[in-house]
Amino acid sequence: MVTKGGATRGLLLAVLALALCGNSGLFAEEDATRKDAAKRPVARQRDSASEIDEKAVIAFVDEHHAELALLLKRLRQHSDDQYRKALRSLNKQFRRLEKRRSSDETRYQLELDTWKVKSRIELLRARIMVTPDEDQRKELEELARRRIDLEIAILEYESDRLRRRAELMRQRVERLRRDRDKRAEEEVRRAFATEKKPSKNPKASEPTKGLRKASSTKNKKDNENR
């Protein structure tokens, strides 16, 4: 049987945990995203916030974070306002991950793992705020190390991607330098080309035929007069 104090403590944990998860800054792009959102019209921001695919968000949380899903259900039973607030925050995170998934599967997996670890950290922080326990220190330290490892992995992945792009740019520059004179000459040749294609329109030659016929008739009459 859950006591009133236990239920209150559980609700407080749910609110704290979901609030912390919603403000944990899961991606490096979040600051830029918030700045861009601030520039948008207010009506557009409200429309975007209201477009929540609740089933998709719940399914996502159920699949990747069972403890968070349980707290979300508990929060829904006790406070619809807090539930909606948490859902909006989770919806933003879900959308960012799905957008990343469609563009870069490897980066998506790294960011998904980061989301799961950071969410666990925030849940643990919420538990520490409600019921501190010394055993939680070691767990938090291990999670913090894992989060840092993932941050390193993301930076290394981006570094490799940029290095590959820089190599492609370098090769392009070399090709342009090598073929510069040849390409310049070809461009000039096309600009000054004088060759004309024969006309495909038979009517275009009719005036010329008429002039030739008239000239032939005139020459014939001149010969007869002589």
Side-chain angles (χ1 to χ4, degrees), residues 10-130 140 143-158 161-162:
L11 176 60
L12 178 59
L13 174 60
V15 173
L16 283 172
L18 291 164
L20 288 169
C21 287
N23 294 289
S24 58
L26 297 177
F27 309 110
E29 294 91 349
E30 279 194 337
D31 290 339
T33 301
R34 281 194 289 267
K35 290 178 181 179
D36 291 341
K39 297 176 182 178
R40 296 183 215 148
V42 175
R44 184 178 175 184
Q45 293 183 43
R46 288 175 180 171
D47 291 341
S48 179
S50 64
E51 296 172 0
I52 298 175
D53 189 344
E54 184 173 355
K55 289 184 179 180
V57 173
I58 295 300
F60 169 78
V61 177
D62 282 340
E63 179 181 358
H64 297 292
H65 205 313
E67 185 180 5
L68 185 61
L70 181 62
L71 289 173
L72 193 60
K73 292 174 183 176
R74 183 182 299 175
L75 188 63
R76 184 178 189 179
Q77 295 171 355
H78 290 84
S79 174
D80 188 67
D81 288 343
Q82 290 291 340
Y83 170 76
R84 290 290 164 187
K85 183 178 180 181
L87 197 65
R88 282 195 297 272
S89 177
L90 290 169
N91 182 66
K92 291 177 183 179
Q93 298 165 27
F94 168 70
R95 284 188 172 187
R96 290 190 188 103
L97 282 167
E98 285 300 299
K99 185 176 181 180
R100 179 66 74 186
R101 185 177 195 173
S102 64
S103 63
D104 190 330
E105 183 67 28
T106 302
R107 178 69 185 262
Y108 161 76
Q109 191 59 54
L110 288 170
E111 290 188 355
L112 176 61
D113 290 342
T114 300
W115 178 84
K116 290 190 284 188
V117 170
K118 284 190 173 184
S119 296
R120 288 180 61 192
I121 288 174
E122 303 309 336
L123 287 176
L124 185 56
R125 285 178 57 196
R127 283 200 296 270
I128 291 171
M129 292 173 67
V130 176
L140 182 59
L143 287 172
R145 287 197 181 99
R146 175 60 179 156
R147 180 191 62 76
I148 294 170
D149 288 342
L150 284 166
E151 185 176 353
I152 292 172
I154 289 175
L155 291 174
E156 287 179 339
Y157 175 75
E158 282 301 302
R161 185 181 66 81
L162 293 173

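Just so you know, these numbers use all the heavy atoms, side chains as well, and skip hydrogens, waters and symmetry mates.
Nearest heavy atoms, Val57 versus Leu90: CG1-CB, 3.9 Å. Minimum interatomic distance between Ala69 and Asp62 (heavy atoms only, all atoms of both residues): CB-OD1, 2.9 Å. The minimum heavy-atom distance between Leu112 and Leu97, with the atom names listed, is N-CD2, 3.8 Å. The minimum heavy-atom distance linking Leu143 with Val117 is given by the pair O-CG1, 3.5 Å. In plain terms, the two heavy atoms of Leu75 and Ala86 that are nearest each other are CD2-CB, 4.1 Å.
The CD atom of Gln93 lies 6.5 Å from the OG atom of Ser119; values are rounded to the nearest 0.5 Å. Note: Ser103 OG to Glu98 CD = 11.0 Å, rounded to the nearest 0.5 Å. In this structure, the separation between CZ on Arg145 and CG on Leu140 is 10.5 Å, given to the nearest 0.5 Å. To the nearest 0.5 angstrom, Ile152 atom CD1 is 10.0 Å from Arg147 atom CZ. Atoms CD1 and CG, on Ile58 and Leu72 in that order, are 4.5 Å from each other to the nearest 0.5 Å. In this structure, CZ on Arg95 lies 8.5 Å from CG on Asp53, to the nearest 0.5 angstrom.
Looking only at distances, a side-chain donor or acceptor of Ser102 sits under 3.5 Å from a matching main-chain atom of Lys99. Without hydrogens or angle criteria, Thr114 side chain to Leu110 main chain gives a donor-acceptor distance under 3.5 Å.
A salt bridge is defined here as a Lys NZ or Arg NE, NH1 or NH2 lying under 4.0 Å from an Asp or Glu carboxylate O, and Lys118 with Glu122 fails to meet this definition. Using a cut-off of 4.0 Å between Lys/Arg side-chain N and Asp/Glu carboxylate O, Arg161 and Glu158 are scored as salt-bridged.
Between His65 and Trp115, the angle of the ring planes goes over 60°, which puts this pair in the perpendicular group of the 30/60° scheme.
Residue Lys116 qualifies as enclosed at atom NZ: its count of foreign heavy atoms under 6.0 Å is above 12.
Among the candidates Arg100, Arg96, Arg101, the single residue satisfying the salt bridge (Lys or Arg N to Asp or Glu O under 4.0 Å) test with Glu111 is Arg100.
Among residues two or more places apart in sequence or in another chain, the side chain to side chain contact (heavy atoms under 4.5 Å, CB included) test is passed with Ala59 by none.
The shortest distance between side-chain heavy atoms of Tyr83 and Glu54 falls below 4.5 Å. Taking 4.5 Å as the limit, some side-chain heavy atom of Asp113 sits within range of a side-chain heavy atom of Arg146.
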